[in-house]
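First listed ligand is number 1; within each ligand, the first listed atom is number 1.
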Amino acid sequence: MDLKSLIREIPDYPKPGILFRDITTLLRDRDGLRYTIDFFTEKCDEAGFQADYVIGMESRGFIFGAPLAYKLGAGFIPVRKKGKLPAAVHSIEYELEYGTDCLEMHQDALHPGSRVLIVDDLIATGGTAGATAKLVQQLECELLGFGFIIELRDLQGRKNLPDLPIISLIEY
Ligand SMILES: O=P(O)(O)OC[C@H]1O[C@H](OP(=O)(O)OP(=O)(O)O)[C@H](O)[C@@H]1O
Ligand SMILES: Nc1ncnc2[nH]cnc12
């Protein structure tokens, strides 16, 4: 399936100079959504990811992370923007393609030795995924790799990630 044809492009959103890759047009397409999750699962199986947990980052990472966790037989752990999680958290600040932000994860969500896969809709600069990787690695977990629906190659986000397998379904 031509997944690229289901991604809408919005110039100058949310700031001038940013070409926003809008996944809502993929999500509303029933065949596209099913194909995306099934294809993502297949790629994770091919990569040999045997995850105990899929971690997804707020908010678009939730949309793909939770169904992927279901398909892989893993649990799902949300990493949220500052102040959204109710129990004690670990926090980390990071830079976005268009700003800075802070991510948090519950302190008791992971235990040393947990096998973890980090999933998001898109990697741009790699700031979000890189910060999440640091959170996970501080907890002595086994980070298996990363999965993205979209990778913006020009921004070289991979440079901000540890040297681990990376899956991306669509590249620009
Ligand atoms: O590789 P990076 O440069 O870090 O950019 C990628 C991140 O930016 C977007 O999230 P955003 O923070 O806009 O939040 P949202 O998912 O709530 O829209 C996207 O969903 C990724 O999480
Ligand atoms: N160009 C882009 N399109 C959609 N989401 C993004 N997150 C960071 N950069 C983005």
* Asked: Does any N or O in the side chain of Asp121 come within less than 3.5 Å of the main-chain N or O of Phe64, such that one atom is a donor and the other an acceptor?
  ->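 Not at all, since once roles are kept as given, no pair shorter than 3.5 Å links the two residues.
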Are any side-chain N or O atoms of Thr41 and backbone N or O atoms of Ile37, one a donor and one an acceptor, separated by less than 3.5 Å?
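A pair under 3.5 Å: yes.
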Item to complete: Decide, yes or no, whether a salt bridge links Glu104 with Lys81 under the criterion of side-chain N to carboxylate O below 4.0 Å.
Response: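 Salt bridge absent between Glu104 and Lys81.
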For the pair Glu142 and Arg115, find out whether any cationic side-chain nitrogen is under 4.0 Å from an anionic carboxylate oxygen.
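Salt bridge between Glu142 and Arg115, a charged N being under 4.0 Å from a carboxylate O: no.
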Can you name the atoms of ligand 2, numbered from 1 with element, that are less than 4.0 Å from a heavy atom of [X]?
{"X": "Leu152", "result": "1 (N)"}
{"X": "Ala124", "result": "8 (C), 9 (N)"}
{"X": "Leu122", "result": "3 (N), 4 (C), 5 (N), 6 (C), 7 (N), 8 (C), 9 (N), 10 (C)"}
{"X": "Leu19", "result": "1 (N), 2 (C), 3 (N)"}

Determine the minimum heavy-atom distance between Asp2 and Ser5, stating which atoms define it.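 Smallest interatomic distance, heavy atoms only, reads O-OG, 2.6 Å.
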Which ligand 1 atoms, with their elements, are less than 4.0 angstrom from a heavy-atom of [X]?
{"X": "Leu122", "result": "6 (C), 21 (C)"}
{"X": "Asp121", "result": "19 (C), 20 (O), 21 (C)"}
{"X": "Gly127", "result": "1 (O), 2 (P), 4 (O)"}

Side chain, backbone, both or neither: Asp121 near ligand 2, heavy atoms under 4.0 Å:
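Answer for Asp121: neither.
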Practice item. Consider only side-chain N and O atoms of Lys134 and Gln137, and report whether a donor and an acceptor are under 3.5 Å apart. Key: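 Looking only at side-chain atoms, Gln137 and Lys134 do not form any donor-acceptor pair under 3.5 Å.
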Leu169 side, atom CG; Glu42 side, atom CD - distance, nearest 0.5 Å:
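It comes to 10.0 Å.
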**Q.** Between CZ on residue Arg153 and CD1 on residue Ile123, distance to nearest 0.5 Å
**A.**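 So the gap between those two atoms works out to 9.5 Å.
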Would Gly61 count as a polar contact of ligand 1, with the cut-off being nitrogen or oxygen pairs under 3.5 Å?
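Between Gly61 and ligand 1 (N or O atoms, distance only) the closest approach is not under 3.5 Å.
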Is there a polar contact between ligand 1 and Tyr94, counting only N or O atoms under 3.5 Å apart?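 Between Tyr94 and ligand 1, no N or O pair is found under 3.5 Å apart.
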| said: Is the contact between Asp120 and ligand 1 made by the side chain, the backbone, both, or neither, using heavy atoms and a 4.0 Å cut-off? | reply: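 Side chain only.
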Can you confirm whether Gln107 is buried at CD, in the sense that more than 12 heavy atoms of other residues, nucleotides or ligands lie under 6.0 Å from that atom?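 Buried by this count: over 12 neighbours within 6.0 Å.
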Handout entry: Proximity flag Gly126 to ligand 1, non-hydrogen atoms under 4.0 Å
Key =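 Yes, that is the case, since the closest heavy atom of the residue is under 4.0 Å from the ligand.
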Can you check which of Arg80, Met57, Lys81 brings a heavy atom nearest to atom 14 (O) of ligand 1?
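Looking at heavy atoms only, Lys81 sits closest to atom 14 (O) of ligand 1.
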